[in-house]
Amino acid sequence: MNLVKDPWLPMRMRDGSVQALPISHICADDVLDFALPRADFQGAAYQFAIGLLQTAFAPKDSTQWVERFKQAPTQQELELDLQAVEHAFNAEGSGPLFMQDFESLSEQKPSNIAGLLIDAPGENGIKNNTDHFIKRGVCDQMSLEMALLALFTLQINAPSGGAGHRVGLRGGGPLTTLVMPADSDAPLWQKLWLNVINRESWVYEDPDFSDGSVFPWLAPTRTSEKKGSEVFHDHVHPLHMFWAMPRRIRLDVKNHEGVCAITGQTTSNIVSDYRTQNYGYNYSGNWTHPLTPYKGDPKKPDGDWLSAKGQPGGIQYKIWDALTFSSEENAQKCARVVGHFERISEGNPRVFKKVVTSLWVFGYDMDNMKPRGWYSTTMPLFQFDPEQQTDLLLEVKRLQKLSGDALWHLRTQVKAAWFESPSDTKGDMSFIDLEFWQRSETSFFNAVSQLMDAVDDGSEVLPSATANVWLGQLQHTVLDLFDEYALSELGSERTMLKRIEARRALCGWLFGGKDIKKFKQEYQVEEQQEVMS
């Protein structure tokens, strides 16, 4: 099987059906999406297709990019360009195999194929009988197609895996941010093309598709048993980032019929085992993967940049600015594909004025090699003049900071209402954070949307009326949550008095705190007062 020529990726058609088609069908108007049975596989399929387009079909400039966005290429045109990399995408047979080690690893002990799934229990989990939530034995065999997706998903997200089992190029469990049409019925082509960068915006030498500088599996693995074997960004071609291969793995494919545990479908190629060896590619230094945002230290401009990672509590608007804005002053870089689209849309207002886009953010929340969860969400993506970015970012951060301060006071006063002394508050209170961010998200983005409208009218400051509404909604959200958590039960007279005192303290900050007064003064917000019953 060849991943460029043969049908293998399930795609959702406009009529609702699902068909396994060759990758060249992504340009067909009746193909709406991929249709993978796992969320992490769905994200991996997008990254596979985007990487393939960037590698073999990148537009020469913004003009060609816009032309191909408005009119997708024909299947024949796409197939012709993909022929240049076809040799690197064999899934079985002799010679180099996609995302698999150059060596056969025949001396290594076989492991069950479930080990490729990031959320499957590891050897210690099975040995110590701690696989309580994710059970062992749930995936004894996969089709070759699903095994390859599992392998690719592991390589691009690879967490720490024990001695010498290397972490992915972006670190373990990186966040991926993709620009998406807000219209879910937009063809898959547009969903992918929005995340391909033209060669004028991303300048790199024409790649050599045969020497391993782009596709590492085409050459002997740069092993990393010794110091000084790190792979830095200038050691390989920039396109290598889409195909980085930190893990040394070989699949054991059996050509007989069986049922895939991932899809539940009968297949003629079964993969039950794989072989792995440690000390593969050891990526180090400052990489900036095109699909991931990065954060540095404002006090150390020459320091390391770290990729954004999934965190407990999910992906909330408190980090939205870091996903959509780049700022040297704040040491943050949005994903290159996000910045590229912002420049393209600003330079082609007639084309993109009515193209509403969103940001799809997804990734694992990892605790070293243990997955705590998979998060996937969409957020608004606004179009603006890059010259206005500094002022806009300042306004957005003010809203986020006040939200964060409000959450801190909410959490503090809920603890004061619940517990007799601060030493008693040792439990997990993250559920309060999660509920707060979710409930206040709509009002936050409504405020940002009106800020963007004000920018169109020549202002770069949050309108007074908008600030007034947003602050009122924030205050009501905080008080509603406090009442639900602290006043939903009557309790004794003594405990009720304690809870009322906590509420008064919360209201004191919400309606008269130093930060609140400053916000009201700067935006000329009307005075509001909470009436205590």
Side-chain angles (χ1 to χ4, degrees), residues 1-4 6 8-10 23 34 36-52 85 88-93 95-106 108-120 122 138-162 165-170 172-174 176 212 214-218 221 240-254 260-263 267 269-278 280-281 283 363-364 369 371 374:
M1 183 175 74
N2 184 280
L3 303 189
V4 169
D6 297 324
W8 72 283
L9 269 176
I23 193 68
F34 295 114
L36 279 305
R38 286 175 54 103
D40 55 347
F41 285 14
Q42 184 80 356
Y46 266 84
Q47 293 181 74
F48 173 86
I50 291 167
L52 193 58
V85 298
F89 288 83
N90 290 319
E92 54 183 334
L97 302 179
F98 173 72
M99 279 286 166
Q100 298 179 58
D101 198 77
F102 192 77
E103 306 294 334
S104 66
L105 307 185
S106 57
Q108 301 303 310
K109 178 183 176 182
S111 300
N112 183 262
I113 194 65
L116 295 185
L117 300 175
I118 293 176
D119 58 344
V138 296
C139 186
D140 291 332
Q141 59 185 25
M142 301 183 198
S143 64
L144 177 56
E145 293 86 348
M146 293 301 106
L148 289 167
L149 269 176
L151 174 60
F152 184 64
T153 302
L154 176 62
Q155 298 281 28
I156 62 178
N157 293 289
S160 59
H165 292 281
R166 298 304 183 188
V167 177
L169 179 143
R170 293 178 274 178
T176 297
V214 174
F215 305 117
W217 57 90
L218 297 183
T221 300
H240 182 106
M241 288 187 286
F242 288 102
W243 312 108
M245 197 175 73
R247 300 294 181 88
R248 303 187 65 185
I249 292 172
R250 293 282 292 204
L251 301 179
D252 186 5
V253 184
K254 304 295 185 183
C260 173
I262 299 292
T263 65
T267 177
N269 292 318
I270 282 292
V271 184
S272 300
D273 300 296
Y274 70 98
R275 299 174 190 272
T276 185
Q277 185 169 336
N278 53 2
Y281 282 77
Y283 298 103
Y364 274 103
M369 65 184 72
W374 168 267

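- Looking at heavy atoms from C-beta onward, Leu148 lies in side-chain contact with Met1 at the 4.5 angstrom threshold.
- Closest non-hydrogen pair, Pro174 versus Ile156, comes out as CG-O, 3.9 Å.
- A heavy-atom distance below 4.5 Å is not found between the side chains of Leu3 and Ile23.
- With a 4.5 Å cut-off on side-chain heavy atoms, Asp101 and Gln108 do not count as touching.
- For the pair Arg250 and Asp252, the salt-bridge criterion is not met [side-chain N within less than 4.0 Å of a carboxylate O].
- Here the closest heavy-atom approach between residue Tyr283 and residue Val167 is recorded as CD1-O, 4.4 Å.
- Between the OG1 atom of Thr176 and the CD atom of Gln47 there is a distance of 4.0 Å, given to the nearest 0.5 Å.
- Counting heavy atoms from C-beta outward, Leu36 and Pro10 have side chains that approach closer than 4.5 Å.
- Distance check, rounded to the nearest 0.5 Å: NZ of Lys109 to CG of Asp273 gives 11.0 Å.
- A distance-only check finds no donor-acceptor pair linking the side chain of Gln155 to the backbone of Trp243 [under 3.5 Å].
- Between Phe215 and Phe89, the distance from one ring center to the other falls under 6.0 angstrom.
- When all heavy atoms are compared, the tightest approach of Ser143 to Cys260 is N-SG, 3.3 Å.
- Of the residues listed (Leu154, Thr153, Leu149), the one engaging Leu116 in a side chain to side chain contact (heavy atoms under 4.5 Å, CB included) is Leu154, and it is the only one.
- Note: Thr267 OG1 to Met142 CE = 12.5 Å, rounded to the nearest 0.5 Å.
- What you find for Phe242 and Gly51 is that their closest heavy atoms are CD2-CA, 3.5 Å.
- A perpendicular orientation is assigned to the rings of Phe98 and Phe48, their planes being inclined by more than 60° (bins at 30° and 60°).
- In this structure, Asp40 and Trp374 have side chains that are in contact, with non-hydrogen atoms separated by less than 4.5 Å.
- Considering every non-hydrogen atom in both Thr276 and Arg248, the closest pair reads OG1-O, 2.8 Å.
- Expressed to the nearest 0.5 Å, how far OH of Tyr274 lies from CD of Gln100 amounts to 12.5 Å.
- Shown here for Leu117 and Ala150, the closest heavy-atom pair between the two residues is CD2-CB, 4.1 Å.
- The CD atom of Glu92 sits 5.5 Å away from atom CG of Leu144, with the distance rounded to the nearest 0.5 Å.
- Considering CD of Gln277 and CD1 of Ile249, their distance stands at 11.5 Å, rounded to 0.5 Å.
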